[in-house]
2 protein chains.
Amino acid sequence: MTLAEENYLKTIFHLERKLKSEVSTNALAERMQTRASSVTDMMQKLADKKMLVYKKYKGVQLTEKGKKAAAYVVRKHRLWEVFLVDKLKFHWDEVHEIAEQMEHIKSVELIKRLDAFLGHPDFDPHGDPIPDKDGNIKKAEKRLLSELIKNQIGICVGVKESSPEYLQYLDKKKIKIGTKINVLGKEFFDGSMMIQVGRDQFFVSKQIAENLYVQTN
Amino acid sequence: MTLAEENYLKTIFHLERKLKSEVSTNALAERMQTRASSVTDMMQKLADKKMLVYKKYKGVQLTEKGKKAAAYVVRKHRLWEVFLVDKLKFHWDEVHEIAEQMEHIKSVELIKRLDAFLGHPDFDPHGDPIPDKDGNIKKAEKRLLSELIKNQIGICVGVKESSPEYLQYLDKKKIKIGTKINVLGKEFFDGSMMIQVGRDQFFVSKQIAENLYVQTN
DNA sequence: ACTAATATTTAGCTTTGCCTAAAATTATAA
DNA sequence: TTATAATTTTAGGCAAAGCTAAATATTAGT
Ligand SMILES: [Mn+2]
Ligand SMILES: [Mn+2]
Ligand SMILES: [Mn+2]
Ligand SMILES: [Mn+2]
């Protein structure tokens, strides 16, 4: 598995779960910041390696083998993110790019020991679940903040979007994983909400609210 | 700096210090397990980048810029080795290959924080000095065990050779960094020695003795 | 000083992963 | 139902980093 192959597999893995269908060449090209023709080349190579099923003009679908390989890349990525935040005290908006490189280090033993060193974490710093060695992902019962109604209380457990900009907004508002959020009111028209975080009360737009995952007791 | 370029620079850096002269194409090819023609190609590229001075048929010499870049790769390598041994509890004979990959992760901030996390170590698990951010290496006063004479006592501070085989031999003999070694006798003819380590007394060949660094009070 | 051996460079090819432009297929819409 | 638009694939190339084989320089031995 080369670095490029691992990056493609991981992206296909994420897109498959999001779209719940085969992944198209263009969707992949956009996500990977590359050209459709480059994607086609790689799809043919990964199909040869039995990592996915490729039907000309019809997109691709990961095989079991491909899914497992992809989940392992995700596992490595998220474990390294935990390391960077928990041990090296990086901020959660700074770790993605570095983990993007570290996920490609080749050593099964390394990941085993890293996992133990970190205390076998189940979630990464953005609240995303860490697949186990066999590629199984346990999905937590979580909902978007935007789904709550007036007077409901949620605990922040993750983010849907994890761009530095969004994460920095959350920081400014003192929202992080574990933070209690009280919905004081909701505007029907635009989906914006009045919420309480600690002692502060403020408005959040729909766009903010539908990118934050919360758990309701 | 690509991965290949970093590996070349690091190897040239090591060879220059060992040979104390320009580094020849063949010397480099042998160390890097590659062909002389591939080395020539890379030397031309690194000369274009002003990392070294290349004179056809005369070998290469790092520029200040090249030396600094190389020392930084060495710094990263050795810091990761400390991480692997101190934090992940790898054995000192298992870390080289992994560090060989980790040294190429690109993030200045990462290395800054790693260094702090490890407590700003001065030496790696093999006793080799870790260059500072500016590429300066402090060299410890250390001698080879083979240089000691009868009744001298040395503390093991590093190894010259760090192959798994050699390191595993030392383990078997309970010699590690910090171990006190007492020279009970030395055979003039073949350079072999009788030494005491803890309660054990045993012979070591010249080959063993001249790959172990010790400090004499 | 010359020839033979050794070291080094050059020329030309290969693979990976990317690109552009052109061709082919599928989707949309009048 | 066709024509146009959008998507996808193919063809042909490029750069990095390696290789083999051939050419060239250097070094060593007589
Ligand atoms: Mn990556
Ligand atoms: Mn994450
Ligand atoms: Mn390396
Ligand atoms: Mn070392």
Side-chain angles (χ1 to χ4, degrees), chain A residues 1-13 15-16 18-19 21-62 66 69-70 73 100-101 103-106, chain B residues 1-13 15-16 18-62 66 69-70 73 97 100-101 103-106:
Chain A
M1 293 287 302
T2 67
L3 186 147
E5 286 169 355
E6 287 191 339
N7 282 336
Y8 272 96
L9 282 181
K10 194 182 55 162
T11 306
I12 296 166
F13 182 80
L15 282 177
E16 242 177 28
K18 184 189 201 180
L19 308 173
S21 73
E22 316 73 65
V23 177
S24 76
T25 302
N26 264 10
L28 216 34
E30 188 179 356
R31 260 298 186 100
M32 312 225 18
Q33 308 258 67
T34 186
R35 299 304 179 146
S37 55
S38 308
V39 172
T40 301
D41 284 348
M42 185 57 93
M43 293 312 97
Q44 291 169 345
K45 185 155 66 126
L46 290 174
D48 286 347
K49 295 197 177 188
K50 310 288 182 211
M51 297 306 241
L52 46 77
V53 178
Y54 167 59
K55 293 223 183 65
K56 264 194 188 184
Y57 294 100
K58 298 298 180 192
V60 297
Q61 213 175 347
L62 292 177
V73 179
E100 199 58 48
Q101 299 176 64
E103 72 191 0
H104 303 292
I105 304 286
K106 272 163 192 56
Chain B
M1 295 287 302
T2 67
L3 186 145
E5 286 169 355
E6 287 191 340
N7 283 336
Y8 272 95
L9 283 181
K10 193 182 54 160
T11 307
I12 295 166
F13 182 80
L15 283 178
E16 243 177 28
K18 185 191 200 177
L19 308 173
K20 293 168 196 300
S21 73
E22 318 75 63
V23 178
S24 76
T25 302
N26 264 10
L28 216 34
E30 187 180 357
R31 261 295 188 101
M32 311 221 28
Q33 308 258 67
T34 186
R35 300 303 180 146
S37 56
S38 308
V39 172
T40 300
D41 284 349
M42 185 58 92
M43 292 313 96
Q44 291 169 346
K45 187 156 61 125
L46 290 174
D48 287 347
K49 296 196 176 189
K50 310 287 182 212
M51 297 306 239
L52 46 77
V53 179
Y54 168 58
K55 293 224 182 67
K56 264 195 189 185
Y57 295 100
K58 298 297 180 193
V60 296
Q61 213 175 345
L62 292 176
V73 179
E97 265 195 76
E100 199 57 47
Q101 300 175 63
E103 71 191 0
H104 303 292
I105 305 286
K106 272 160 192 57

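Residue numbers begin at 1 in each chain, while the letters A, B, ... track the order of the sequences.
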Could you measure the distance from the CE atom of A:Met32 to the OH atom of A:Tyr8? Nearest 0.5 Å is fine. 5.0 Å

About how many Å separate CG of B:Leu28 and OG1 of B:Thr11, when rounded to the nearest 0.5 Å? 6.5 Å

Expressed in angstrom and rounded to an integer, what is the separation of A:Leu28 atom CG from C:dC18 atom P? 11 Å

Non-hydrogen side-chain atoms of A:Glu100 and A:Asn7 separated by less than 4.5 Å: yes

Considering non-hydrogen atoms only, spot the tightest contact between A:Val23 and A:Ile12 and give its length. CG2-O, 3.9 Å

Just jot down the side-chain hydrogen bond (donor to acceptor under 3.5 Å, both in side chains) partners of A:Glu103, sequence neighbours excluded, or say none. A:Lys10, A:His77

Residue-level proximity of residues 18-26 of chain B to DNA chain D when a heavy atom falls under 4.0 Å: none

Can you tell me how far apart CG (A:Leu46) and CG (A:Leu62) are? Round to the nearest 0.5 Å. 9.0 Å

Which pair of heavy atoms, one from B:Ala29 and one from B:Ala36, lies closest together, and at what distance? CB-N, 3.8 Å

Base, sugar-phosphate, or nothing: which does A:Ala36 touch, judged by heavy atoms less than 4.0 Å apart? base

Can you list everything that forms a salt bridge (Lys or Arg N to Asp or Glu O under 4.0 Å) with B:Lys106? Sequence neighbours excluded, please. B:Glu6

First-last contacting nucleotides on DNA chain D - partner chain A, under 4.0 angstrom, heavy atom: D:dT7 to D:dT10

My understanding is that only residues two or more places apart in sequence, or in another chain, count here; which of them pass salt bridge (Lys or Arg N to Asp or Glu O under 4.0 Å) with B:Glu22? none

Tell me, which of residues 39-51 of chain B have any heavy atom that sits under 4.0 Å from an atom in DNA chain C? B:Thr40, B:Gln44

Does the side chain of B:Leu3 reach to within under 4.5 Å of the side chain of B:Gln101, using non-hydrogen atoms? no

Provide the full list of salt bridge (Lys or Arg N to Asp or Glu O under 4.0 Å) pairs with a residue in residues 28-47 of chain B, sequence neighbours left out, each pair given once. B:Glu5-B:Lys45

Is the shortest heavy-atom distance from the side chain of B:Leu9 to the side chain of B:Met1 under 4.5 Å? yes

A:Thr40: what forms a side chain to side chain contact (heavy atoms under 4.5 Å, CB included) with it, not counting sequence neighbours? A:Thr25, A:Gln44, A:Tyr54

Atom pairs under 3.5 Å, N or O on each side, protein against nucleotides 21-27 of chain C: can you list them with distances?
unit_1	atom_1	unit_2	atom_2	d
C:dT25	O4'	A:Tyr57	OH	3.3

